[in-house]
Amino acid sequence: MLASLLAFAAVAAVLTVTPGVDTLLMVRTAAVSGRRVAFAANAGISFGCLVWGIASAVGLTALLAASQLAYDAVRYAGAAYLLWLGIQALRSRAAIATLDPAEQLRVTVGGAFRQGVLTNLLNPKVGIVYLSLLPQFIPPGYAPLPASVALVGVHLVEGVLWCGVLVLLVDRMRTVLMRPRVKLWFERATGVVFVGLGVRLAVNRL
C-alpha cells in the first residue's frame, strides 16, 4: 500500500498544482478576505474531495458517469454556481468603483467553507477523475473504501500544502491588491474568469 500511496502522490501533485476553479477561488478569497477565510475555503474544497473519493469507492460516481442525465444535472448546477460567483465578483467590482466599502461583498469563514464545498461538489469532473484514478492505485486484496480514503488523504495533504503556499504569496501582495484601482481590475478579471469557467462547464458534455 505504501508504494501505491507514493505513486498516487506523484500523480496527485500534478492535479493539485494545475490551475482550476478551486485555485481561482482560493486566490480570490485570500486577496479579498485574508488568510483565515482562504484556509476555510480550502477546508471546504478538501471536504468536497473526500466526499467524491467516498462516492467513487462505493460506486456512486460510476452511476454518475454512466448516466448522462445525472451528470448533466450536476454539471448544470455547477455551471450556474460558477456564473453566480462571477456575477458576485463583478458586483463587488462595481462597489469598488464607487469606493463605498459598505457595499462591497464580504465572505465569512463559514461562507468561504460553503463556497469551497459547493465549488468542488458541483464539478462532476472531479468525481470522474477520482473514478478513473483511484482504482488504479488500490492494491489487490485491499478494501476499496479505506484504500480510497487513504489515497484521497494524500491528495488533501498536498492540497493543503499548496494552498498554504498560494495563500501566503497572495497575502504578501495583499496591500497592493487591496488598492482600489488594482482591486477593481482584479475583481473584474476573476469575475470574467468565473463566468467563462461556468459557460465552459455548461457546454462540455461527458
Side-chain angles (χ1 to χ4, degrees), residues 12-52 74-96 104-130 155-179 181-204:
V14 176
L15 295 176
T16 300
V17 301
T18 301
V21 177
D22 293 346
T23 304
L24 178 62
L25 178 66
M26 284 191 298
V27 169
R28 179 179 182 267
T29 303
V32 175
S33 303
R35 287 183 295 179
R36 181 165 171 262
V37 181
F39 283 122
N42 179 253
I45 292 168
S46 299
F47 179 78
C49 287
L50 181 60
V51 172
W52 278 123
V74 177
R75 178 167 62 94
Y76 287 134
Y81 185 66
L82 289 177
L83 290 173
W84 181 81
L85 286 178
I87 292 170
Q88 292 289 87
L90 293 173
R91 282 181 59 198
S92 179
R93 180 197 64 81
I96 294 166
Q104 295 178 27
L105 299 173
R106 300 186 183 278
V107 180
T108 63
V109 169
F113 180 83
R114 288 191 295 273
Q115 284 186 352
V117 172
L118 289 174
T119 300
N120 193 274
L121 289 183
L122 293 178
N123 186 357
K125 294 182 182 298
V126 178
I128 301 303
V129 168
Y130 273 174
H155 190 198
L156 297 188
V157 170
E158 292 179 342
V160 169
L161 293 175
W162 180 237
C163 169
V165 172
L166 288 177
V167 169
L168 290 176
L169 286 174
V170 173
D171 190 65
R172 290 180 67 88
M173 299 185 295
R174 195 161 182 254
T175 302
V176 175
L177 291 173
M178 289 300 97
R179 293 174 182 172
R181 186 175 296 276
V182 177
K183 189 174 181 181
L184 177 69
W185 283 99
F186 181 78
E187 290 289 70
R188 177 180 295 169
T190 54
V192 169
V193 172
F194 271 128
V195 170
L197 291 171
V199 171
R200 187 178 72 173
L201 184 60
V203 300
N204 284 348

task: Kindly compute the distance separating CZ (Phe47) from CG (Asn120), expressed to the nearest 0.5 Å.
output: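 It is 10.5 Å, given to the nearest 0.5 Å.
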
Should the ring pair His155 and Tyr130 be called parallel, tilted or perpendicular, given that the plane angle runs from 0 to 90° and is split at 30 and 60?
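The arrangement is perpendicular - the two ring planes meet at more than 60°.
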
Audit row: Phe186, Val176, side chain to side chain contact (heavy atoms under 4.5 Å, CB included) steps and yes/no:
CA-CA 11 Å; Phe186 181 78; Val176 175; over 6 Å; no

Check your understanding: Run the side chain to side chain contact (heavy atoms under 4.5 Å, CB included) check on Leu201 and Leu197 step by step: do they pass?
Key -> CA-CA 6 Å; Leu201 184 60; Leu197 291 171; over 6 Å; no

query = Can you check salt bridge (Lys or Arg N to Asp or Glu O under 4.0 Å) on Glu187 and Arg28, steps first, answer last?
reply = CA-CA 8 Å; Glu187 290 289 70; Arg28 179 179 182 267; 2.7 Å; yes

How about [X] and [Y]: do any of their side-chain heavy atoms sit closer than 4.5 Å?
X: Val109; Y: Phe113; value: no
X: Leu82; Y: Val199; value: no
X: Thr190; Y: Leu24; value: yes
X: Asn42; Y: Val167; value: no

Heavy-atom pair with the smallest gap, counting every atom of [X] and [Y]:
X: Val195; Y: Gly86; result: CG2-CA, 3.9 Å
X: Gly191; Y: Ala89; result: CA-CB, 3.6 Å
X: Val74; Y: Pro124; result: CG1-CD, 3.8 Å

With distance as the sole test, does Arg75 use its side chain to make a donor-acceptor pair with the main-chain N or O of Leu122 at under 3.5 Å?
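Absent.
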
- Query: Are Ile87 and Phe194 close enough, and set up right, to give a side chain to side chain contact (heavy atoms under 4.5 Å, CB included), and what steps lead you there?
  - Reply: CA-CA 8 Å; Ile87 292 170; Phe194 271 128; over 6 Å; no

Qualifying residues under salt bridge (Lys or Arg N to Asp or Glu O under 4.0 Å), relative to Arg35, sequence neighbours excluded:
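Salt bridge (Lys or Arg N to Asp or Glu O under 4.0 Å) list for Arg35, sorted by chain: Asp171.
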
